[in-house]
Amino acid sequence: LTMSMESVISDDEKRLMLWQAHHDNLTKLPNANLLHERLARALIANQQENKHGALISIDLDHFQNVNDSVGHASADRVLTDAAYRIAMCARETDTVARMGGDLFFVVLHEIEEVAEAERMARAAVQAFEAPFVVEDREIFISASAGVVIFPEDGHEQGELLQKADAARMGAKNRGGNQIAFFEEQMNSVAARRLELETHLRRAVANNEFELYYQPVIDVSDDSVYGAEALLRWHSSELGFVSPGEFIPVAEETGLIVEIGEWVVTQVQNQLRDWAQRNLEPIRVSLNVSATQFRSAENAEALLALLARSGCELITIELTESALIDDTPGSEIFIEGLPKLGLHVALDDFGTGFSSVGYLRDFEFDVLKIDKSFIDSICEVRDHGLVASIVAMGRILGMRVIAEGVEDKAQLQQLRQIGCDYVQGFYFSKPLPLADFEAYLERLNTRQVAG
Ligand code: C2E
Ligand code: CA
Ligand code: CA
């Protein structure tokens with residue numbers, strides 16, 4: 001049987017099959033198999049001849065966003081173009097391979113000096129300066145590159161590939177669109193990120209999330225106006241991980257979509273529970289990241305989820321950066337939100353760069369002044385800024401909440417300015433549900449007594 005099979009396959013076909021086993025279908029570049037072969041060969045040859053080489057790991061920054069927003073076919077065209085741009089930077093003797101997705105590797109089989117590898121990596125990143133044309137639209141995509149030198153950074157393939165990836169992640173953590181050489185401490189940063197991602201994938205199913213509630217206080221009578229729901233993660237493996245650390249990972253990996261659905265459901269259930277127990281109604285605000293409504297599909301799903309139960313007491317907090325992204329989903333989401341009858345807050349106000357423009361295009365119900373202004377509110381200049389923001393909010397019919405109020409002096413300044421709502425450690429840290437309910441209880445008793 002084997003004989004007859006072989007006889008029907010021509011030499012051309014055999015060559016084609018061999019070629020296909022070593023090349024990537026989409027970009028026609030060498031694939032992972034061929035990369036491994038070439039890298040192994042380079043390592044042996046260099047060792048024998050006492051020469052140096054380099055390995056560069058390159059990927060596109062936020063490619064997932066591109067994928068979500070332009071569709072599969074266009075994303076493939078971007079990848080093909082990206083492959084071409086990277087290949088154009090390489091020398092005849094280098095190997096440029098695609099590992100899959102938007103990840104590429106370049107082997108510089110032989111280098112005389114480290115600067116050669118640096119030049120190649122920089123050229124590859126610079127090759128992304130020109131926009132990509134997708135469906136007659138120009139989109140800007142940057143890339144990041146991580147460089148290792150062998151044998152200095154390692155003698156082994158696996159080690160070199162991993163270190164080049166870690167270096168690339170280092171470049172990305174510094175904002176992307178740049179190159180980085182491997183440094184020892186990058187291993188721990190990359191390892192931590194991978195660890196977070198791995199455990200985050202199971203966190204919803206394992207029930208590891210909890211919502212804390214931070215009271216928002218009405219300054220006029222110290223009553224609770226509402227609360228902000230803040231996510232807490234108690235990982236069974238990693239222990240407590242702060243939102244500042246895991247939210248960015250959840251956003252980059254898209255896991256925030258599933259986590260965000262959990263948050264919405266949780267808040268809805270909580271409001272229903274309070275209503276059934278006849279507690280004084282309070283508003284609950286929740287944070288929504290741009291990633292949660294980047295694609296049209298996700299935007300619609302999130303709107304539908306919100307619409308499932310009463311929205312009168314819910315406030316959605318969006319940051320300016322969530323509005324800046326012009327994606328297929330953002331328009332759907334931003335237009336759909338007001339129709340649900342909930343409130344929308346502009347979070348971290350003052351930290352972006354064109355905040356006032358958004359106030360013209362979209363009617364926010366609430367403005368949350370960022371903590372950084374409150375920190376220095378006792379200084380004349382920032383006092384003036386906060387006073388102007390509060391006045392502007394008033395004129396535009398918005399409620400203004402000062403965030404991160406930590407001491408009495410700040411509160412007094414805010415009172416004097418006429419800011420009606422504050423949130424911060426001075427009144428209370430974010431509290432687990434039971435403690436938050438106890439806080440409400442205490443306040444009510446005090447008011448009844450007083
Ligand atoms: P944020 O929306 O600006 O939330 C306010 C943050 O300030 C919270 O940090 C809160 O604990 C902290 N904070 C409040 N008052 C004070 C104060 O007086 N002093 C100081 N130093 N800090 C104060 P947290 O809970 O660590 O959350 C960090 C960020 O993580 C949030 O910033 C938000 O952007 C994000 N986040 C939290 N929960 C969620 C969620 O459910 N979904 C999404 N997408 N993001 C979330
Ligand atoms: Ca917030
Ligand atoms: Ca905030």
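Quick caveat, the model's predicted, so the values are computed rather than measured. For the single chain, residues carry numbers from 1 onward in sequence order. In each ligand, atom 1 is the first atom listed, and ligand 1 is the first ligand listed.
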Return the CG to CZ distance between Asp348 and Phe373, rounded to the nearest 0.5 Å.
10.5 Å
Euclidean distance, Glu320 CD relative to Asp347 CG, rounded to 0.5 Å:
11.5 Å
Among the N/O/S atoms of Asp347, the Ca ion (ligand 3) lies closest to OD1
Of all N, O or S atoms in Asp348, identify the one at the shortest distance from the Ca ion (ligand 3).
OD1
Which atoms of ligand 1 sit under 4.0 Å from any heavy atom of [X]?
| X | value |
| --- | --- |
| Gln214 | 14 (C), 15 (N) |
| Glu228 | 2 (O), 4 (O) |
| Gln292 | 44 (N) |
| Pro430 | 11 (O) |
| Glu406 | 17 (C), 18 (O), 19 (N), 20 (C), 21 (N) |
| Asp348 | 3 (O) |
| Gly424 | 15 (N), 18 (O) |
| Ile247 | 36 (N), 39 (C), 43 (C), 45 (N), 46 (C) |

For Tyr426 and ligand 1, does the shortest N/O to N/O distance drop below 3.5 Å?
no
Does Phe425, backbone or side chain, put an N or O under 3.5 Å from an N or O of ligand 1?
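Among all N and O atoms of Phe425, at least one is under 3.5 Å from an N or O of ligand 1.
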Charged N to carboxylate O below 4.0 Å: is that the case for Lys28 and Asp24?
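Not counted as a salt bridge, because no side-chain N and carboxylate O are separated by less than 4.0 Å.
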Regarding Arg85 and the six-membered ring of Phe132, is the cationic atom NZ or CZ under 6.0 Å from the ring centre and inside 45° of its axis?
yes
Within Glu317, is some N, O or S atom less than 3.0 Å away from the Ca ion (ligand 3)?
no
With a heavy-atom distance limit of 4.0 Å, tell me whether [X] approaches ligand 1 through its side chain, its backbone, both, or neither.
| X | value |
| --- | --- |
| Glu251 | neither |
| Ile259 | neither |
| Asp347 | side chain |

Should Arg232 be listed as contacting ligand 1, given a heavy-atom distance under 4.0 Å as the test?
yes
